[in-house]
*Asks:* 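Please see the structure below; I have some questions.
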Amino acid sequence: MPQERFYITTAIAYPNGAPHIGHGYELIATDAIARFMRLDGRDVFFLTGSDEHGQKMQQTAEREGISARELADRNTARFREMGPALNSSNDDYIRTSEARHYQTVSALWQRMEAAGDIYLDKYAGWYSVRDEAYYDESELTLQPDGKRLAPTGTPVDWVEEESYFFRLSKYQDKLLELYDRQPDFVGPDARRNEIISFVKGGLKDLSISRTTFDWGIPVPGNPKHIMYVWVDALTNYVTATGWPDANHPRAAFWPADAHIIGKDIVRFHAVYWPSFLMSAGLPLPKRVFCHGFLFNKGEKMSKSVGNVIDPFALAKAYGIDAMRYFFLREVPFGQDGSYSPEAIVQRMNADLANDLGNLAQRSLSMVAKNLDGRLPEPGPLTEEDAAMLELADALLDKARTAMADFALHQILAQTWAVIAEANRYFAGNEPWALRKTSPERFGTVLWVTAEVLRQVAIITQPVMPDSCARLLDLLGVPADARSFAAIGGKARIKGGAILPAPSGIFPRYVEPEASAE
RNA sequence: GGCACCGUAGCUCAGCGGUAGAGCAGGGGAAUCAUAAUCCCUUGGUCGGGGGUUCAAAUCCCUCCGGUGCUACCA
């Protein structure tokens, strides 16, 4: 049976500055989904990258006295580094400034043009360079000095230029049909409803080229124009599969299974993108799923307030896995979330160090100290043992169900419910007493605990790859027995194996100041 | 202005017609294998206000207040 393919993407970042925690969060979440699917047997292609063209990049570069490409190279390097810094397993990193992208975008444009969906006209209006957007007169506020400001507070200029347009209006009904036929095309539901009501409100044709700057992909046949942001940026998802080269090694990955994006760009992904693809005669991605925004102690992060969180610093301060766990456990995926140092320490200590780490440590050190490191073979299982194992076995199906909605937080909540039960099981059986009174029960309780830990560690790998790998090492689980095929009750941890000496995996976090002296 | 969504224990949230729930935080106890980690018990809410439907409403309807999102408009 051929392996089922799974293609997932993050949005590509605009590298007009340094990456912030929002970029990191999107990458972590998408990575966890990608890893989950790999462990569940899919042939996964996970893509992230950067969107490097546009007037803003060009202007920033001019201000700094470098070329746009130099600026893109410099800033993209920083975004790229975020991958290893957060332990992202992306299979490719695409840059819209790459030659492969020029080829794909040009081909897509020509297809849309051949379909009769692109025409040349004139665009006139108030334009904000900083927002890269036109605004209606009515949206602007007039300043005392006669200048006009966009709703975002950025200055606008009156611009008239020749522009190519895409016949978005033509796709209104087809889009509504799509949302209807494929209810999970846009998620979560709140976003879907917004999109439907937006499309029902009527669609205007879309300006898709510019002549006022040249840092971008030229329009085929009319290089005076360069393509405007969305045709260029969105197409990256197709570029990475090599289209239009049908023989490209990744050709079979299109259409993508999921685009994971921020809620601010849902319209472009759920309205424009499927329209472009329908026009070009390409299959549509299966799902577009929006995550929420992260707030710093409930406050919006912004450069001017100075409360922007640096993902690199966070990973360094708390550890990559703890940081990944925190965001994926604390924030219901799809909703906004809040970050605070107190909250992350609370999660680290309560969930990781106390609940999971301590359970592993107390059980494995019993094996080490009393059994010469040999994991016991279980004796006959009591009802209680069986019930404990059943809870762990049920985890995989629950996780798959939750993953159907990308409900990463639920997977973790369910997993930690099993860990809580395992702590009750362990405390209730008092293996430290059984050690003297009933060696066989002692061994069985330790074996059951180890088996639960094994399943928990396997299923938590997508969120905390390194820590779980270390836990599986301590449990003596071979590297080729760590996929989801090995859990859910189909296999058990092997008794009799000699385990390595246990060591703490999830350290308790103590504030550096407090431990300084 | 229109259309959604939300307002439940100190905090984060679940429940969405049938005697108020979870996790964390707070309080008390047990245990001592373990990262002072665990386990048990427990304090705590007139479910935003008011009105209605119903034998019965956190749950349905109306209205008001507060918050959020999307969208439109400024004559």
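We name chains A, B, ... by the order of the sequence lines, and we start the count at 1 in each one.
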*Asks:* Could you give the CG-to-C1' distance, from A:Asp336 to B:C6, as a whole number of Å?
*Replies:*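 Rounding to the nearest Å, CG of A:Asp336 and C1' of B:C6 are 12 Å apart.
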*Asks:* Is the centre of the A:Trp447 ring less than 6.0 Å from the centre of the A:Phe442 ring?
*Replies:*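 Centroid distance A:Trp447-A:Phe442: not below 6.0 Å, so no.
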*Asks:* For B:G52 and B:C70, measure between their C1' atoms and round to the nearest Å.
*Replies:*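 To the nearest whole Å, 31 Å.
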*Asks:* For the pair made of OH in A:Tyr425 and P in B:C33, what is the distance, rounded to whole Å?
*Replies:*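 Rounded to whole Å, this separation is 19 Å.
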*Asks:* Does either side chain, that of A:Glu451 or that of A:Gln455, offer a donor lying less than 3.5 Å from an acceptor on the other one?
*Replies:*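 Their side chains do contain a donor-acceptor pair, which is all the 3.5 Å distance test asks for.
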*Asks:* Taking CD1 from A:Ile195 and C1' from B:C70, how many angstroms apart are they, rounded to a whole number?
*Replies:*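 Between C1' of B:C70 and CD1 of A:Ile195: 9 Å.
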*Asks:* Would you mind reading off the distance between A:Tyr179 atom OH and B:C70 atom C1', rounded to a whole angstrom?
*Replies:*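 After rounding, the gap between these two atoms is 14 Å.
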*Asks:* Between A:Pro507 and A:Ile419, which residue's closest nucleotide on RNA chain B lies nearer the 5′ terminus?
*Replies:*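 Closer to the 5' end of RNA chain B: A:Pro507.
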*Asks:* Is it true that A:Tyr237 and A:His269 share a donor-acceptor pair across their side chains at a distance under 3.5 Å?
*Replies:*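 Looking only at side-chain atoms, A:Tyr237 and A:His269 do form a donor-acceptor pair, the distance falling under 3.5 Å.
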*Asks:* For this output row, return yes or no: ring centroids of A:Tyr318 and A:Phe326 closer than 6.0 angstrom.
*Replies:*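 Not under 6.0 Å, so no.
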*Asks:* Expressed in whole Å, how much space separates the C1' atoms belonging to B:A58 and B:G18?
*Replies:*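 To the nearest whole Å, 13 Å.
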*Asks:* Which whole-number value in Å describes the distance from A:Gln335 CD to B:G7 P?
*Replies:*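 Those two atoms, CD and P, are 11 Å apart.
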*Asks:* What's the closest nucleotide to the side chain of A:Asn423 if the choices are B:G69, B:C39, B:U32?
*Replies:*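 Nearest to the side chain of A:Asn423 among the choices is B:C39.
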*Asks:* Take atom CD1 of A:Ile196 and atom C1' of B:C3, then tell me their distance rounded to the nearest Å.
*Replies:*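 My rounded result for the distance is 13 Å.
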*Asks:* Please give the nucleotide sitting opposite B:A4 as a Watson-Crick or G-U wobble pair, both distances under 3.5 Å, or none.
*Replies:*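 Its partner is B:U68 (Watson-Crick or G-U wobble, both distances under 3.5 Å).
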*Asks:* Report yes if the side chains of A:Ile28 and A:Tyr25 come closer than 4.5 Å at any heavy-atom pair, otherwise no.
*Replies:*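 No, their side chains stay 4.5 Å or more apart.
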*Asks:* Of all of residues 341-368 of chain A, which get a heavy atom below 4.0 angstrom from RNA chain B, listed by number?
*Replies:*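 Of all residues in residues 341-368 of chain A, the ones placing a heavy atom under 4.0 Å from RNA chain B are A:Gln346, A:Ala353, A:Asn354, A:Asp355, A:Gly357, A:Asn358, A:Gln361, A:Arg362, A:Ser365, A:Met366.
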*Asks:* Would you mind telling me which of B:C70, B:C33, B:A4 lies closest to the side-chain atoms of A:Asn193?
*Replies:*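 Selected nucleotide: B:A4.
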*Asks:* Given A:Phe333 and A:Phe406, is the ring-ring contact (aromatic ring centres under 6.0 Å, His included) satisfied, shown in steps?
*Replies:* CA-CA 7 Å; A:Phe333 197 59; A:Phe406 303 119; 7.1 Å; no
*Asks:* Could you measure between the two P atoms, the one in B:C62 and the one in B:A25, and give it in whole Å?
*Replies:*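 Taking atom P in both B:C62 and B:A25, they lie 41 Å apart.
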*Asks:* Could you let me know what B:G23 is paired to, Watson-Crick or G-U wobble, both distances under 3.5 Å, or none if it's on its own?
*Replies:*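 Pairing partner: B:C11.
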*Asks:* Any strand is fair game: report the nucleotide pairing with B:G45 by Watson-Crick or G-U wobble, both distances under 3.5 Å, or none.
*Replies:*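 Result: none.
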*Asks:* Roughly how far apart, to the nearest Å, are B:A22 and B:U42 at atom C1'?
*Replies:*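 Taking atom C1' in both B:A22 and B:U42, they lie 16 Å apart.
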*Asks:* Within the structure provided, determine whether A:Leu475 and A:Leu364 are in side-chain contact (heavy-atom separation under 4.5 Å).
*Replies:*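 A:Leu475 vs A:Leu364: side chains touch.
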*Asks:* Looking at A:Leu168, A:Asp117, A:Ile118, which one forms a side-chain contact (heavy atoms from CB on, under 4.5 Å) with A:Ser279?
*Replies:*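 Answer after filtering A:Leu168, A:Asp117, A:Ile118: A:Asp117.
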*Asks:* Should B:C74 form a Watson-Crick or G-U wobble pair with both distances under 3.5 Å, which nucleotide is its partner?
*Replies:*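 Its partner: none found.
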*Asks:* The side chain of A:Trp432 is closest to which nucleotide in this list: B:C33, B:C70, B:U35?
*Replies:*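 Per side-chain heavy atoms of A:Trp432, the pick is B:C33.
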*Asks:* A:Glu194 vs A:Arg191, test: salt bridge (Lys or Arg N to Asp or Glu O under 4.0 Å). Steps then yes/no.
*Replies:* CA-CA 5 Å; A:Glu194 283 173 15; A:Arg191 299 276 97 78; 3.0 Å; yes
*Asks:* Within this structure, what is the CZ-to-C1' distance between A:Arg329 and B:C13, rounded to whole angstrom?
*Replies:*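 It works out to 10 Å between those atoms.
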*Asks:* Now, which nucleotide makes the Watson-Crick or G-U wobble pair with B:A31, with each of the two distances under 3.5 Å?
*Replies:*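 No nucleotide pairs with B:A31.
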*Asks:* Classify A:Ile505 by what it touches in the nucleic acid, base, sugar-phosphate, or nothing, heavy-atom distance under 4.0 Å.
*Replies:*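 Base contact.
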*Asks:* If I take atom CD in residue A:Gln410 and atom C1' in nucleotide B:C13, what distance separates them, rounded to the nearest angstrom?
*Replies:*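 That distance rounds to 12 Å.
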*Asks:* Using the P atom as the point on both nucleotides, what is the distance between B:U32 and B:G17, in whole Å?
*Replies:*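 My reading of the P atoms in B:G17 and B:U32 gives 48 Å.
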*Asks:* Expressed as a whole number of Å, how far does the C1' atom of B:G50 sit from that of B:C55?
*Replies:*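 It comes out at 23 Å once rounded to the nearest Å.
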*Asks:* Between A:Ser197 and A:Ala427, name the one whose nearest nucleotide on RNA chain B is closer to the 5' end.
*Replies:*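 Nearest-nucleotide comparison on RNA chain B picks A:Ala427.
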*Asks:* For nucleotides B:C16 and B:A20, find the distance between their P atoms and express it as a whole number of Å.
*Replies:*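 About 15 Å, rounded to a whole number of Å.
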*Asks:* NA contact type, A:Arg424, heavy-atom cut-off 4.0 Å: base, sugar-phosphate, or nothing?
*Replies:*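 A:Arg424: backbone/sugar contact only, no base atoms under 4.0 Å.
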*Asks:* Applying a 4.0 Å non-hydrogen cut-off, can you work out what A:Lys369 is touching in the nucleic acid: base, sugar-phosphate, or nothing?
*Replies:*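 Since only primed, P, OP1 and OP2 atoms lie under 4.0 Å of A:Lys369, the category is sugar-phosphate.
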*Asks:* Could you work out the separation of B:A37 and B:G7 based on their C1' atoms and round it to a whole Å?
*Replies:*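 Each nucleotide's C1' atom is 37 Å from the other's.
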